[in-house]
Amino acid sequence: MPELPEVEIVRKSLSKNIKGKVITKVEVNNRNLRVKIEKKFEEKLKKKKIKKIDRFSKYIIIVFFDNSFCLIHLGMSGTIHLLKKKNKNKFTNTSFYHSPHLPKKHNHVEIELQNISLIYNDPRRFGYLLYFDNKKQLQKKFKSYGPEPFSKKFNLEYILKYFQNKHKNIKNFLLDQKFVSGLGNIYASEVLFESKIYPLKSASLLTNDQLKKIIKYSKKVLKRSIAKGGSSIRDFKNTTGDQGSFQKEFKVYNREHLKCTRRSCGGIIKKIIISNRSSFFCNICQK
DNA sequence: AAGAGGCCCTGATAGC
DNA sequence: TGCTATCAGGGCCTCT
């Protein structure tokens, strides 16, 4: 589910609710996530005090005061739920992302922080949690990742150099975290629409003007989505919580057969499959 | 060594 | 009602 904006919304919520707290208990119900949770995970996290919550790309980074780290990746279906302890033993649901109630199944990890309980839920188990002892390990993990769209490193020179001797369509490049990190399937389509670029266009054929548009709109689209609380799809039922609303502003994603939102374009949104993932685009204004 | 494709997994939905 | 097939916001691994 989560691309950069959604993860940033989770980060903000965690920062607000668990910064400064001490981990009092860790319970792993299922270690078999995308990456198996190490045996000593619980032991290593216990008694750690949270200095701050960072994010890189689609990763949440819990930073402890002793400069160790806990990394959380939400995969496709991961969600984090915060429960607040009301009386001595009972936790009640106060904050959550995407789902108004704590799911009954797939609550794989529970981390208690004094009066708050953090629950990692993930039906498909494509997400994972990692513990890092020091900053070196963290840097190693992100070594092969490209810059975020917000980074100054994501500039025209970088892109031109990166595309040298590579032959792929632009949609695949935007999904490639080694090139640029944080975009996923929704925002890749949205950025290409705003940039008026056809997703199957060979990246090496793009003009400098088009590349500048990609730089501009990748920042813009992500920022706008963050401001709107991210995108919530497939989890509509209730709206009591921190449900995002950017899905209402999708110009192409999930809009097959509908009209292009550009006035006087007259195009129709099409859906094609690129590398096994849906891509949406306007058949007239994206070239 | 770049790039295509398979695969990890569960759940929701569509079609019969 | 119940079966089967398809699809889903990610990304790693293997093969060519």
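These figures come from a predicted structure and were not determined experimentally. A note on names: the letters A, B, ... follow the listed sequences, proteins ahead of strands, and every chain is numbered from 1.
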*Which comes earlier along DNA chain C counting from the 5' end, the contact point of F280(A) or that of K178(A), where each point is its nearest nucleotide?*
F280(A)

*May I ask whether F126(A) stacks on the base of dG11(C), given the cut-offs of 5.5 Å between ring centres and 30° between planes?*
no

*Nearest nucleotide by nearest heavy atom, which residue falls closer to the 5' end of DNA chain B, H167(A) or N276(A)?*
H167(A)

*5'-most by nearest nucleotide on DNA chain B - R124(A) or K168(A)*: K168(A)

Contact class for [X] (heavy atom, under 4.0 Å): base, sugar-phosphate, or nothing?
X       : result
S278(A) : sugar-phosphate
F246(A) : nothing
Y187(A) : nothing
K271(A) : sugar-phosphate

Report yes if a side-chain nitrogen or oxygen of [X] is closer than 4.0 Å to either non-bridging phosphate oxygen (OP1 or OP2) of [N]; otherwise report no.
X       : N       : answer
K166(A) : dG3(B)  : no
Y128(A) : dC9(B)  : no
H73(A)  : dG10(C) : no
R34(A)  : dC12(C) : no
H106(A) : dG11(B) : yes

*Counting distance only, does the side-chain N/O of E3(A) pair as donor-acceptor with the main-chain N or O of G184(A) below 3.5 Å?*
yes

*Under the 3.5 angstrom rule, does the side chain of H108(A) hit a backbone N or O of D122(A) as a donor-acceptor pair?*
yes

*How would you list, by chain and number, every residue that makes a side-chain hydrogen bond (donor to acceptor under 3.5 Å, both in side chains) with K21(A), sequence neighbours excluded?*
N115(A)

Using whole Å, what does the distance between atom [atom2] of nucleotide [N] and atom [atom1] of [X] come to?
X       : N       : atom1 : atom2 : result
K141(A) : dG11(C) : NZ    : C1'   : 9 Å
M76(A)  : dT6(C)  : CE    : C1'   : 13 Å
Q164(A) : dA1(B)  : CD    : P     : 16 Å
Y145(A) : dG11(C) : OH    : C1'   : 7 Å
N169(A) : dG5(B)  : CG    : C1'   : 14 Å
Q247(A) : dA8(C)  : CD    : P     : 17 Å

*Report yes or no: do Y131(A) and E43(A) form a side-chain donor-acceptor pair below 3.5 Å?*
no

*Dot-bracket for DNA chain B, please, read 5' to 3', with Watson-Crick or G-U wobble pairs under 3.5 Å on both distances, ( ) within the strand, [ ] crossing, | other strand, . unpaired.*
.|||||||.|||||||

*Do the two ring centres, one from F56(A) and one from Y59(A), sit under 6.0 Å apart?*
no

Kindly list each side-chain donor-acceptor pair under 3.5 angstrom involving residues 276-287 of chain A, sequence neighbours excluded, with atom names and distances?
residue, atom, partner, partner atom, Å
S279(A), OG, K171(A), NZ, 2.7
N283(A), OD1, I268(A), N, 2.8
Q286(A), OE1, C282(A), N, 2.8
Q286(A), NE2, L192(A), O, 3.3
Q286(A), NE2, I197(A), O, 2.7
K287(A), NZ, I284(A), O, 2.9

_Partner of L14(A) under side chain to side chain contact (heavy atoms under 4.5 Å, CB included), chosen from I116(A), I60(A), I50(A)_ = I60(A)

*Is K168(A) salt-bridged to D176(A), cutoff N-O under 4.0 Å?*
yes

*asked:* Taking only the P atom of each, what is the distance from dA1(B) to dG11(C) in whole angstrom?
replied: 23 Å

